[in-house]
Each structure stands twice: as structure tokens, then as C-alpha cells.
Chemist: 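Input: one structure, supplied below.
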Amino acid sequence: MSINSWGNYPKINNNSIKFNTIDDLKNQLKNHSEIIACGNNRSYGDSALSNNIIQVKPFNKFLDFDQKAGVLHIQAGVLLADIIKYFVPRGWFLKIVPGTKFITIGGAIASDVHGKNHHIDGCFSESTLEFSLMLPDGQIKLCSPSKNQDLFRATCGGMGLTGVILDAKISLRKINSKFISQTTIKTENLEDTFAAFEKYNSEKYNFAWIDCFARGKNLGRSIMTIGDFADDGQLDYIPSQKINIPFFLPNFTINKFTAGMFNKLYYYQTKQQISHQKLDLDAYFFPLDGIDNLNRVWGKSGFLQYQCILPKETAFVGLTELIECISRTKLGSHLSVLKKHGKANENYLSFPLEGYSLALDFKMNNGLFKHLDHLDQILQKYGGRIYLTKDARVSKQVFERGYPNIEKFRELRKKYKMSQKFNSLQSHRLGL
Ligand SMILES: Cc1cc2nc3c(=O)[nH]c(=O)nc-3n(C[C@H](O)[C@H](O)[C@H](O)COP(=O)(O)OP(=O)(O)OC[C@H]3O[C@@H](n4cnc5c(N)ncnc54)[C@H](O)[C@@H]3O)c2cc1C
């Protein structure tokens, strides 16, 4: 059975390789000329797809926990969900979590994922103290911000193209509740939304859902949520139950009409301008995880996520143009999420930079790539970039203009002969 990414696009036949020991992995690297590591396949596009895929998920032991320093040592296949399940009842939480907890530590480092607190805490690499990396020749290097710094900077955000991450030490934060105290703010348009982000900039977690169908004076209206852990001592966390989508839904289930309806309903079901709520951490951080196989609602042809980021100087005007284009063409995304980001880090290919990112889901169809090329043109005009872990189609030229450190990355790949071993569909498409 072939492995697919979360977006179920593209699909290729591949050979899935498991390993039990480090020596086993070394031999597998020796025996295959082209290979890429995968975690739990929650990346949307083609970054974890190749003819030969090494499955790291079964390599998933907890190795050590330094209670005093809050430092956890784990193998790279451990899921964030397993860390949360074990550590929340003990009063600890991950410093950075993306919108799903079903990703591995290796995947979190390789995409240098960010959460709703990037403006304060940065990316996953900012909570990563060190990791060990297997290079193409089987050598293992310990990498940290001070040891083998070039490998650290290239691997965090390097989409598996520098080697196989084997284990990592990450630092956790103390918490005193399984609940989040959340405030919801309803905004009328993009200007209002930006003003709310500025006003609540010192809040730990914040993000906004944008109605991408609204136009004119309502363009960019949103429901914004801000929050942080409560302080009520309730740590009896039990992971939320999930409902399952057992098969791919028919192609007509998701369309422009349902997307438009969903956006309107979501906006109007929030009645008050400002409201407060206490909710379980799963409901706050990972609402999409509540449905197992959620990606099947898009049908067998799959879907794409378009996530881009614009620098703070051009974000308002650039996003206005992007959202206008999306609402005019009725490209329509069910879920459109806007986040404010803090300063970029020094990793060569990490996605976030100081500004605003927008994530949009689009069902795969014949005209989609043309529309997205048009969004790319707007993005380029305003100095933005695309997130590699969501991508399956951006051109080499658009990608390169967004990532000024790409040559450093390529040089390092050459130096360690990584480009002769670790490759994905994405690395070929983008000449990484
Ligand atoms: C519902 C949903 C919400 C999401 N929300 C966010 C979000 O808010 N913020 C965000 O940043 N991301 C988000 N993502 C994306 C997701 O966090 C990343 O794609 C993450 O990298 C997936 O991890 P994984 O373990 O599934 O890795 P995979 O998808 O299997 O692989 C992703 C990349 O990591 C590499 N890789 C995996 N394991 C290793 C390893 N051991 N060694 C070397 N390379 C490795 C692969 O080669 C590939 O390039 C979301 C995804 C979903 C499905």
C-alpha cells in the first residue's frame, strides 16, 4: 500500500521501509539511492513523498525527562499526542503545538512548525535543545544551536532533506490546568481584524478565522480567539473522543456553495462582539483532530492547502488583494486562518517571518493551479512566501524569491552529499 500525504494529492506508488535499530537504518540508507523520512503524513503536499519512504513513527520511545529543567528526551517517532497525554496530568505542556497533535517530533522539527503563539515563542526549533541526525553515509551528528550549527539551521525547516532525525531534547512549559480561558472577538473587516491583533499582541495564543467570501466593506471580517491556560489546578486530562469518516465522501460534497454557507453560518453563529469561555485544550488547539480522517471529506481527488506569509510592512495591502481575489473568483475556502507572526529565526528554510500568514483549503479541480498561480503573483508583488509543508505545486521561481537563504541550504546539501540520497517529489520540483 502506498503512503499518501494529508491532502491526498499527489499520489505516487512508493516503497515503505521500516527499521528497528540504528544499524538497520544505516543498511537501508546504503541499499536505497533515493529516500525520504516520513513521520505521520500530516504534511499536506509532496514533501514526504518519494519512491522510497522511511517510516520513523514506530521509532517512538520516551528516553528521559529532567523534571527540574523540564527537558524531555524522546525518539523522533513519538507523536505530540502521546506527550500531551502523559504530561498534561503531570502539569507540563509542549511550548509549541500546530493545529494537529498527530504529528511526530521528527515532522515537527523538519517543518519547524509554529502554533498560535509564534508572535511570542517562535517555532518548534526554539523549544528544541538538540537532536541527533543520521547523514547519508550513516554517520550520526548531534546538532544544536551551538553544535553543528549549520546542520541545525538546515534541518529545522529542511523538510527531511538533510537526513533522518533520530531523537531530540525539547523543553516543556509548566501548566496548571487542562483548560484554556478563551476570549472571542468578532470583527467587521480586515482593518478591524488587524487592529484586534495589535491590541491583543501580548496575549499568549491568538489567531483568527477569516470569512473569505465576504466582500466590500466586510472584506476580511473574522472571528478572532485569544487565550492561555487557566489556573484552576484541573489537570485530569483525557484525550477527546473522535468521530470517524470511514470512507472518502463523494466529490460533490464540498463545493463553492457549501463553503459559502459554512463561512456565513460560522460568522453569524457568534452572536456577541466579545465573549468569554473556558474550553478543553483539545477543543482549543486541535479542533480538526476531533474528526478522524477529516481529509476524506474532500473526496478521492484530494485538496491543497495554500499557506502564505507576508511581511508586516505589506501584509495589510497584500492580504486585501489576496482575499479580494479569492472572494471575487469564489475560489472559496471552508477554513481560512490568519495568524500574526513574530520575528523570523535563522534557520535557512523556516517559514515564519514577522508579519501575517493566511492558510486556505481548496478542493482539487482542473482550474485550481491557474488560480493559485495568480495568488502567487500577488504574493510575489508584496514580498511573501509559501509554506513548504503545505505545498504541492509552487514553482521554483516563486519559491526561490521567497527564501533568500536557499543557496546556503543547497551548499550544505552538496557538502554532505545529501542531494544524492535524500530527495522528495518536492525537492525535485523546487531544485532543493
Ligand atoms: C489539521 C492540520 C493542522 C495543521 N496545523 C499546522 C499549524 O498550525 N502550524 C504548522 O506549522 N503546521 C501545521 N500543520 C502541518 C504539520 O504540522 C506538519 O506538516 C508536520 O511536519 C507534520 O508532521 P508529520 O510527523 O506528520 O510528518 P510528515 O508529514 O510525515 O513529514 C513532514 C516533513 O518532515 C520530514 N520528516 C518527518 N519525520 C522526519 C524525521 N524523523 N527525520 C527527518 N525528516 C522527517 C518529512 O520528510 C517531510 O518533509 C497542520 C497539519 C494538519 C493536518
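These values consider heavy atoms only, across backbone and side chains, with no hydrogens, waters or symmetry-generated copies. Atoms within each ligand, like the ligands themselves, are counted from 1 in listed order. The first residue of the sequence shown is numbered 1, and numbering continues consecutively from there.
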Chemist: For the 3.5 Å polar cut-off, considering only N or O atoms, please tell me whether Trp6 and ligand 1 meet it.
Modeler: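 No, no N or O pair falls under 3.5 Å.
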Chemist: For ligand 1, which atoms sit closer than 4.0 Å to a heavy atom of Ala110?
Modeler: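 Once the distances to Ala110 are compared, the set is 34 (O), 35 (C), 36 (N), 44 (N), 45 (C).
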Chemist: Gln426 near ligand 1, heavy-atom distance under 4.0 Å?
Modeler: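 No, Gln426 has no heavy atoms under 4.0 Å from ligand 1.
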Chemist: Side chain or backbone, does Tyr44 bring an N or O within less than 3.5 Å of an N or O on ligand 1?
Modeler: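 In fact, backbone or side chain, Tyr44 has no N or O that close.
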Chemist: Applying a 4.0 Å heavy-atom criterion (strictly less than), which segment of Val56 is in contact with ligand 1: side chain, backbone, both, or neither?
Modeler: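 Looking at Val56 and ligand 1, just side chain atoms fall under 4.0 Å.
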Chemist: Could you walk me through whether Tyr237 and Ile84 satisfy the side-chain contact (heavy atoms from CB on, under 4.5 Å) test, starting with their C-alpha distance in whole Å, then the side-chain angles of each, then the deciding distance to 0.1 Å, before giving a yes or no?
Modeler: CA-CA 9 Å; Tyr237 168 76; Ile84 292 169; 3.7 Å; yes
Chemist: Output yes when the distance from some N or O of ligand 1 to some N or O of Ser111 is under 3.5 Å, and no in every other case.
Modeler: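 Between Ser111 and ligand 1, an N or O pair is found under 3.5 Å apart.
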Chemist: Counting only heavy atoms, tell me which of Ser350, Ser5, Gly163, Gly157 gets closest to atom 43 (C) of ligand 1.
Modeler: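 Result: the heavy atom closest to atom 43 (C) of ligand 1 is in Gly163.
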Chemist: When you measure from atom 18 (C) of ligand 1 to each heavy atom in Val337, Asp46, Thr389, Ile54, which option holds the nearest one?
Modeler: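 Nearest option to atom 18 (C) of ligand 1, by heavy atoms: Thr389.
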Chemist: Polar-atom distance check: Ile36 versus ligand 1, any N or O pair below 3.5 Å?
Modeler: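 Such a contact does not occur with ligand 1.
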Chemist: Based purely on interatomic distance, does Gly99 place a nitrogen or oxygen under 3.5 Å from a nitrogen or oxygen of ligand 1?
Modeler: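 Yes, there is a polar N/O contact under 3.5 Å.
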Chemist: Go through the steps for Arg221 and Asp211 under the test salt bridge (Lys or Arg N to Asp or Glu O under 4.0 Å), then give the verdict.
Modeler: CA-CA 6 Å; Arg221 69 183 179 188; Asp211 177 356; 2.8 Å; yes
Chemist: Counting heavy atoms only, which part of Lys116 comes closer than 4.0 Å to ligand 1: side chain, backbone, both or neither?
Modeler: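 Neither part.
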Chemist: Looking at ligand 1, does any of its N/O atoms fall within less than 3.5 Å of an N/O of His114?
Modeler: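 Yes, at least one N or O pair falls under 3.5 Å.
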Chemist: Is Lys339 touching ligand 1 with its side chain, its backbone, both, or neither, if touching means heavy atoms under 4.0 Å apart?
Modeler: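 Looking at Lys339 and ligand 1, just side chain atoms fall under 4.0 Å.
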Chemist: Any nitrogen or oxygen of Pro98 lying under 3.5 Å from a nitrogen or oxygen in ligand 1? Just yes or no.
Modeler: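 N/O-N/O distance under 3.5 Å: no.
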Chemist: Need the ligand 1 atom indices (1-based, order shown) with element for anything under 4.0 Å from a heavy-atom of Val164.
Modeler: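 Close to Val164: 42 (N).
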Chemist: Taking the non-hydrogen atoms of Tyr387, is any one of them nearer than 4.0 angstrom to ligand 1?
Modeler: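 The answer is yes: ligand 1 sits under 4.0 Å from a heavy atom of Tyr387.
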Chemist: For the 3.5 Å polar cut-off, considering only N or O atoms, please tell me whether Ala48 and ligand 1 meet it.
Modeler: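 In this structure, Ala48 places no N or O atom under 3.5 Å from an N or O of ligand 1.
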Chemist: Does ligand 1 come near enough to Phe102 that some N or O of the ligand is less than 3.5 Å from an N or O of the residue?
Modeler: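 N/O-N/O distance below 3.5 Å does not exist for this pair.
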Chemist: Would you say Ile103 has any N or O atom under 3.5 Å from an N or O of ligand 1, going by distance alone?
Modeler: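 No; the residue has no nitrogen or oxygen that sits under 3.5 Å from a nitrogen or oxygen of the ligand.
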Chemist: Among Gly7, Gly39, Gly160, which one has a heavy atom closest to atom 44 (N) of ligand 1?
Modeler: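 Answer by nearest heavy atom: Gly160.
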Chemist: Looking at atom 42 (N) of ligand 1, what's its closest protein heavy atom, distance included?
Modeler: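 Answer for atom 42 (N) of ligand 1: Ile165 N, 2.9 Å.
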Chemist: Looking at Tyr86, is Arg90 sitting on its ring face, NZ or CZ under 6.0 Å from the six-membered ring centre and within 45 degrees of the normal?
Modeler: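 Arg90 over Tyr86 ring: yes.
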Chemist: List every atom of ligand 1 that sits less than 4.0 Å from any heavy atom of Asn41, numbering the atoms from 1 in the order shown and giving each element.
Modeler: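 So the answer, numbered in order with elements, is 26 (O), 28 (P), 29 (O), 30 (O).
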Chemist: Which word best sums up how the rings of Tyr356 and Phe194 line up, parallel for under 30°, tilted for 30 to 60°, or perpendicular for over 60°?
Modeler: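 Correct class here is parallel.
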Chemist: Are Glu400 and Arg410 within salt-bridge range, i.e. N to O under 4.0 Å?
Modeler: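 Looking at Arg410 together with Glu400, the answer is yes, because their closest N to O distance falls below 4.0 Å.
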Chemist: Quick one: which ligand 1 atoms are inside 4.0 Å of a heavy atom on Asn40?
Modeler: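 Those atoms are 24 (P), 25 (O), 26 (O), 27 (O), 30 (O).
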Chemist: Given Val113, Ile291, Leu161, Leu335, identify the one with the heavy atom nearest to atom 17 (O) of ligand 1.
Modeler: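 Shortest heavy-atom distance from atom 17 (O) of ligand 1: Val113.
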